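Computed from a prediction, not measured in an experiment: that's the story for all the values here.
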Amino acid sequence: MADISVKEIIEGLGGVENLASAMHCATRLRVATKDRSKVDIAALKEIDGVLGVVDGELQTQIIIGAEVSNVYRKFIAETGLEEKNAIEENLDEQKILKEDLKNKKGRGLTRFFETIAAIFNPIVPALAGCGFLSAIIMVAMAFGASMSMPTFKHFVTISMAIFTFLPFLLAASTAKVFKMNSYVALTICAAMMAPAWSSMITDGTATSTFLGIPFRVIDYSGSVLPIVFAIILASYVERGSDRIIRGPLKIILVPAITILVSTVITLWTVGPFTYWVGELLASGMNWLFVHGGWMAGLVYGGIYSGMVVLGIHHGMVPVLTQMISTNGFNYVSPTSGSANIGQAGAAFGVWLKEKDKRQKANAASACVAACVGITEPVIYGVNVPNGKTFFFGSIGGAVGGAVAGVLRLKAYAIGGPSFLNFGMFLGGENAFINCGLVMVCFAIAFVVSAALTILFWKPNA
């Protein structure tokens, strides 16, 4: 990996004075600028180590890859953007961000998926980490490990922590997005996760009442949608009560009203309804792949890379999480994994045919990254700019997805489906067969995409 010049990035963004704020995700440095016309996209793309640039309406996203966190630290040190108070007091920045949001008015679908991404992106590393640990458990169990072994039993407990207490992570993340007190949000989550509910279920109690109004008793541990919508509701209750209540009692009454009203309304309506929706989404996706077979895999494998480009693949995170929590497996990851590996195969073809040393190196590193589960460099840094190779990668993903669909292959853990994370496909009665066939689907997607690229793509064509 080239030593990326932070100073060149700052210059390409129009200088320090043009920077409003900065953050980063797993692979991208995301910078909000005050004047987008001062951003030199072409210059940013030419910086050694930069894999690509996405010019969004609110952010310029510089694709760097796994080194992004190191680059981000240097960027913050160089620009001084870590002084959040100074940034919040910058009235020009606030005006620009408001104008950007105004320009986005009416684009409800875009805002919907961006909100989902903002809620789930922060917890994806924890999901992926525990998913990888779960994959190791699947491998260990396939070789004879059992819960009678103390060390293995404790290892399982650690790996399952996120799936048991996922609502707490979602509560904190949702509270941040909707700008409410995170500790009040966590308290609401605790009320919904109280042991009393599971005890009532164990005792055979299916319904209870509050103020004489009946509601369904549900164990919300491991649930996804109920806590998200509970905190969204709570954010409005908190803001409303904060506007109404005045004087010294505000600090007590606002959180008290928020906790009580939000929790009760959630128990009555929001919780049961969204829990039902989550179950419906999970069963719906299962039905689609069980009855759709190769067609479901073909379509989903073909369009998944496009979903990544549009950012709407984030919308699948709650669905996959719910499917794992409800069924213990999902049919989707073998197909989406085929799409990812298909893009890797297209990059492999680019590496074979590309003459430019820099582009050749980018294609090689992006291909390897995609094979181990990091796909943004290969999509944004190699295939989308080339055009045709992105299309060839999608065809490979469709073919691999069709095979996965017709065989009804499953994933038993959350994580980035890849050759490296093969353990997430080990499970069920035929663990090794399922995992082996998923790897075959990945290989098919890789080979098809690479072959199409080698045959029909020309550098600079």
With a 6.0 Å cut-off (strictly less than), is the heavy-atom count around [atom1] of [X], excluding the residue itself, greater than 12?
| X | atom1 | answer |
| --- | --- | --- |
| Y236 | OH | no |
| F422 | CZ | no |
| F419 | CZ | yes |

[Y] side chain reached by [X] side chain, heavy atoms, under 4.5 Å:
| X | Y | result |
| --- | --- | --- |
| T269 | T266 | no |
| R30 | H24 | no |
| V403 | V440 | no |
| M285 | N330 | no |
| V31 | F75 | yes |
| S283 | W287 | no |
| I64 | Y72 | no |
| L253 | S241 | no |

If the condition is ring pair (Phe, Tyr, Trp, His ring centres under 6.0 Å), which residues does [X] pass it with, not counting sequence neighbours?
| X | answer |
| --- | --- |
| W268 | none |
| Y300 | Y304 |
| Y331 | F329 |

Check [X] against [Y] and note the closest heavy-atom contact, atom names and distance.
| X | Y | answer |
| --- | --- | --- |
| P417 | M424 | CA-SD, 3.8 Å |
| M439 | S418 | CE-O, 4.0 Å |
| A22 | I76 | CB-CD1, 4.3 Å |
| P385 | I379 | CD-O, 3.9 Å |
| I227 | A171 | CG1-CB, 4.0 Å |
| C367 | V378 | N-CG2, 4.5 Å |

task = Could you list all the side-chain hydrogen bond (donor to acceptor under 3.5 Å, both in side chains) pairs where at least one residue sits in residues 247-260, not counting sequence neighbours?
result = D242-K250

Which residues share a side chain to side chain contact (heavy atoms under 4.5 Å, CB included) with M200, sequence neighbours left out = W197, T205, S208, V217

request  = Apply side chain to side chain contact (heavy atoms under 4.5 Å, CB included) to A175 and list each qualifying residue two or more places apart in sequence or on a separate chain.
outcome  =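 Result, side chain to side chain contact (heavy atoms under 4.5 Å, CB included) vs A175: M180, S182, A185, I231.
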
How many angstroms lie between atom [atom1] of [X] and atom [atom2] of [Y], to the nearest 0.5 angstrom?
| X | Y | atom1 | atom2 | answer |
| --- | --- | --- | --- | --- |
| I433 | L426 | CD1 | CG | 11.5 Å |
| L320 | S336 | CG | OG | 7.0 Å |
| I444 | L437 | CD1 | CG | 9.5 Å |
| I188 | I259 | CD1 | CD1 | 6.0 Å |
| M160 | I137 | CE | CD1 | 8.0 Å |
| K176 | S235 | NZ | OG | 16.0 Å |

inquiry  = The test is side chain to side chain contact (heavy atoms under 4.5 Å, CB included); show your working for T60 and L13 and say whether it passes.
reply    = CA-CA 8 Å; T60 299; L13 291 167; 4.0 Å; yes

inquiry  = Can you classify the ring geometry of Y220 versus Y275 as parallel (below 30°), tilted (30 to 60°) or perpendicular (above 60°)?
reply    =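 Perpendicular, since the angle between the ring planes exceeds 60°.
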
ask   = With ring centroids as reference points, do F210 and F215 lie under 6.0 angstrom apart?
value =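 They do not qualify: ring centres at least 6.0 Å apart.
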
task = Kindly state whether the ring of F425 and the ring of F442 have centres lying under 6.0 angstrom apart.
result =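 Yes; F442 has its ring centre under 6.0 Å from that of F425.
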
task = Decide side chain to side chain contact (heavy atoms under 4.5 Å, CB included) for L407 and W294; before the verdict, give the C-alpha distance in whole Å, the side-chain angles of both, and the deciding distance to 0.1 Å.
result = CA-CA 8 Å; L407 296 175; W294 68 270; over 6 Å; no

When you measure from the side chain of [X] to the backbone of [Y], do you find a donor-acceptor pair of N or O atoms at a distance under 3.5 Å?
| X | Y | answer |
| --- | --- | --- |
| S394 | F390 | yes |
| S449 | A346 | no |
| N434 | N430 | no |
| T274 | G271 | yes |
| R216 | T207 | no |

message = Go through it in stages, so that I can follow the logic: the residues are L29 and Q61, the test is side chain to side chain contact (heavy atoms under 4.5 Å, CB included), and I'd like the CA-CA distance, side-chain angles, deciding distance and then a yes or no.
response = CA-CA 6 Å; L29 175 66; Q61 301 174 11; over 6 Å; no

task = May I ask you to check whether N383 and T389 show a side-chain donor-acceptor distance below 3.5 Å?
result = yes

key: Candidate pair L81 and L19, rule side chain to side chain contact (heavy atoms under 4.5 Å, CB included), full reasoning   = CA-CA 8 Å; L81 289 178; L19 305 179; 4.2 Å; yes

